[in-house]
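Heavy-atom basis, side chains included; hydrogens, waters and symmetry copies ignored.
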Amino acid sequence: MRKKIVAGNWKMNTLPAEGVELAKGVAAGKSAAGECANLIVCPPFTHLHSVVETLKDSGIAVGAQDCATEAKGAYTGEVAASMIAALGCKYVILGHSERRQYYGETSETLNKKMAQAYANNLTPIYCVGENLDEREANRHFDVVKAQIEEVVFNLSDEQFRNLVIAYEPVWAIGTGKTATADQAQEIHAYIREVLRSKFGAAADDCSILYGGSCKPSNAAEIFAKADVDGGLIGGAALKAEDFLAIATA
Ligand code: PGA
């Protein structure tokens, strides 16, 4: 049985005190909500510590939005996976399309980041997804396959068992435009098939999240699909109420 996961990617939003308030809101809402998906929140680095403290004993896990390619040393401005793990974080988002697009992250960089994450017992949430031109040229399957082959296929079987994948079509991120539930299911099933070709039956235990303008009004339909195991939520994760409405969808 694969885990249902709803993860909030706060991106570069919230000041530290606002982040703590948001985390408190999510924790309070979760206890009231009853049954819901496994929750993860990914605040900016500056408030990872205070959010981990706030969410202690809440059953909500905390993740970072990125980590360095190197273990430590003279890399001004970087944050090592060991530092993130030392704060009590369990997850790290890697390969988000904004990192690929604005900061030039490639499969080569991401292989190093994945290695750092695993060396520090962090579970990567590895993001894949095509842009609008690629979708319109009907190249989305190939793009996603390459993003998986070039990075995920380098993992050991044991590392693969500790991986979450997020499919996020770039044209749907922050645009208000969502993939239809059928489009999501089609590519999620394809991703699982690619994973199965390398990792066999373990692919059936890998949670594949959908991301891209997921909101309370569309989450239930998308999450109902067989190969969609939850969501990676940006904008709607900044309101505890919306985030929880998605998590209970
Ligand atoms: P969005 O972002 O929900 O604001 O579209 C999703 C993401 O980038 O993770």
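- Side-chain N or O atoms of R161 include none that pairs as donor or acceptor with a backbone N or O of A202 at under 3.5 Å.
- Between the D242 side chain and the L238 main chain, no donor and acceptor come within less than 3.5 Å of each other.
- The distance from atom CZ of F243 to atom NZ of K239, rounded to the nearest 0.5 Å, is 14.5 Å.
- A distance of 7.5 Å separates OG1 of T69 from CD of Q116, quoted to the nearest 0.5 Å.
- With hydrogens and angles disregarded, no donor-acceptor distance shorter than 3.5 Å links the side chain of K215 to the backbone of A236.
- Under a 4.0 Å N-O distance rule, the pair K198/E149 does not qualify as a salt bridge.
- By the rule that hydrophobic residues join a cluster once side-chain heavy atoms approach within less than 4.5 Å of another member, L122 and L155 end up as members of one cluster.
- Here the side chain of Q183 pairs a donor or acceptor atom with the backbone of T180 at under 3.5 angstrom.
- Judged purely by distance below 3.5 Å, without hydrogens or angles, the side chains of N218 and T178 pair a donor atom with an acceptor atom.
- Formation of a donor-acceptor pair under 3.5 Å by the E105 side chain with backbone atoms of L110 is not found in this model.
- Contact of the I165 side chain with the C206 side chain is registered, since non-hydrogen atoms from C-beta on lie closer than 4.5 Å.
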*Checking side-chain contact (heavy atoms from CB on, under 4.5 Å) for the pair Y167/C127: CA distance, chi angles, key distance, verdict?*
CA-CA 6 Å; Y167 166 69; C127 303; over 6 Å; no
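- At a threshold of 4.5 Å between non-hydrogen side-chain atoms, the residues I233 and N9 do not count as touching.
- Using a distance-only test at 3.5 Å, with no hydrogens or angles considered, a donor-acceptor pair links the side chain of Y210 to the main chain of A179.
- Open room surrounds CD on E241; 12 or fewer heavy atoms of other groups in view lie less than 6.0 Å from it.
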_From CA spacing to verdict: side-chain contact (heavy atoms from CB on, under 4.5 Å), H140, V143_ = CA-CA 5 Å; H140 45 294; V143 168; 5.6 Å; no
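- Under the 4.5 Å side-chain heavy-atom criterion for Ile, Leu, Val, Met, Phe, Trp and Tyr, L209 and I222 are members of distinct hydrophobic clusters.
- Side-chain N/O atoms of E168 and H96 include a donor and acceptor closer than 3.5 Å.
- Taken to the nearest 0.5 Å, the CD1 atom of I246 stands 12.0 Å off from the SG atom of C36.
- Taking hydrophobic clusters as Ile, Leu, Val, Met, Phe, Trp and Tyr residues chained together by side-chain heavy-atom distances below 4.5 Å, Y118 shares a cluster with F153.
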*For salt bridge (charged side-chain N to carboxylate O under 4.0 Å, His left out), just list the numbers for E21 and K24, CA-CA rounded to whole Å, side-chain angles, deciding distance to a tenth of an Å, and then say yes or no.*
CA-CA 5 Å; E21 281 312 300; K24 280 184 189 161; 3.5 Å; yes
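- You'll find the side chain of V194 stays beyond 4.5 Å of the side chain of F141, heavy atoms only.
- Tracing side-chain contacts under 4.5 Å through hydrophobic residues (I, L, V, M, F, W, Y), one reaches W10 starting from I60; they form part of the same cluster.
- A donor-acceptor pair is defined here as one N or O able to donate and one able to accept, closer than 3.5 Å; such a pair exists between the side chain of N38 and the backbone of K4.
- Between I84 and N120, the closest side-chain pair of non-hydrogen atoms is not below 4.5 Å.
- In this structure, the side chains of I148 and E150 stay at 4.5 Å or more apart for every pair of heavy atoms.
- The shortest distance between side-chain heavy atoms of I93 and L232 falls below 4.5 Å.
- Looking only at side-chain heavy atoms (C-beta outward), I125 and I40 come within less than 4.5 Å of each other.
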*Where do V151 and Y126 land on the side-chain contact (heavy atoms from CB on, under 4.5 Å) test, with the steps shown first?*
CA-CA 9 Å; V151 177; Y126 178 67; 3.3 Å; yes
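- The backbone N or O of K3 sits less than 3.5 Å from a side-chain atom of S207, completing a donor-acceptor pair.
- Classification of D205 and R192 as a salt-bridged pair fails, no side-chain N sitting under 4.0 Å from a carboxylate O.
- Considering CG of D227 and CG of D204, their distance stands at 8.5 Å, rounded to 0.5 Å.
- Using a 4.0 Å cut-off between a side-chain N of Lys or Arg and a carboxylate O of Asp or Glu, D133 and R139 do not qualify as a salt bridge.
- We find that K56 and E53 are joined by a salt bridge, their nearest charged nitrogen and carboxylate oxygen being less than 4.0 Å apart.
- In this structure a side-chain-to-backbone donor-acceptor pair under 3.5 Å is missing from H188 to A226.
- Transitive grouping of hydrophobic side chains (ILVMFWY, heavy atoms separated by less than 4.5 Å) brings L22 and V52 into a common cluster.
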*Check the pair N162, T123 against side-chain hydrogen bond (donor to acceptor under 3.5 Å, both in side chains), reporting the backbone distance first and the verdict last.*
CA-CA 6 Å; N162 229 328; T123 298; 3.0 Å; yes
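- Residues I208 and L195 have side chains in contact (heavy-atom distance under 4.5 Å, counting atoms from C-beta outward).
- Side chains of E130 and W171: a donor-acceptor N/O pair is present below 3.5 angstrom, by distance only.
- The backbone N or O of E98 lies less than 3.5 Å from no partner atom in the side chain of Q101, so there is not a single donor-acceptor pair.
- Atom CD of residue Q65 and atom CE of residue M12 lie 10.0 Å apart, to the nearest 0.5 angstrom.
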*Run the numbers on I173 and K11 for side-chain contact (heavy atoms from CB on, under 4.5 Å), then give the verdict.*
CA-CA 12 Å; I173 295 178; K11 307 193 180 182; 3.5 Å; yes
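- Note that the CD atom of E136 and the CG atom of L132 stand 4.0 Å from one another [nearest 0.5 Å].
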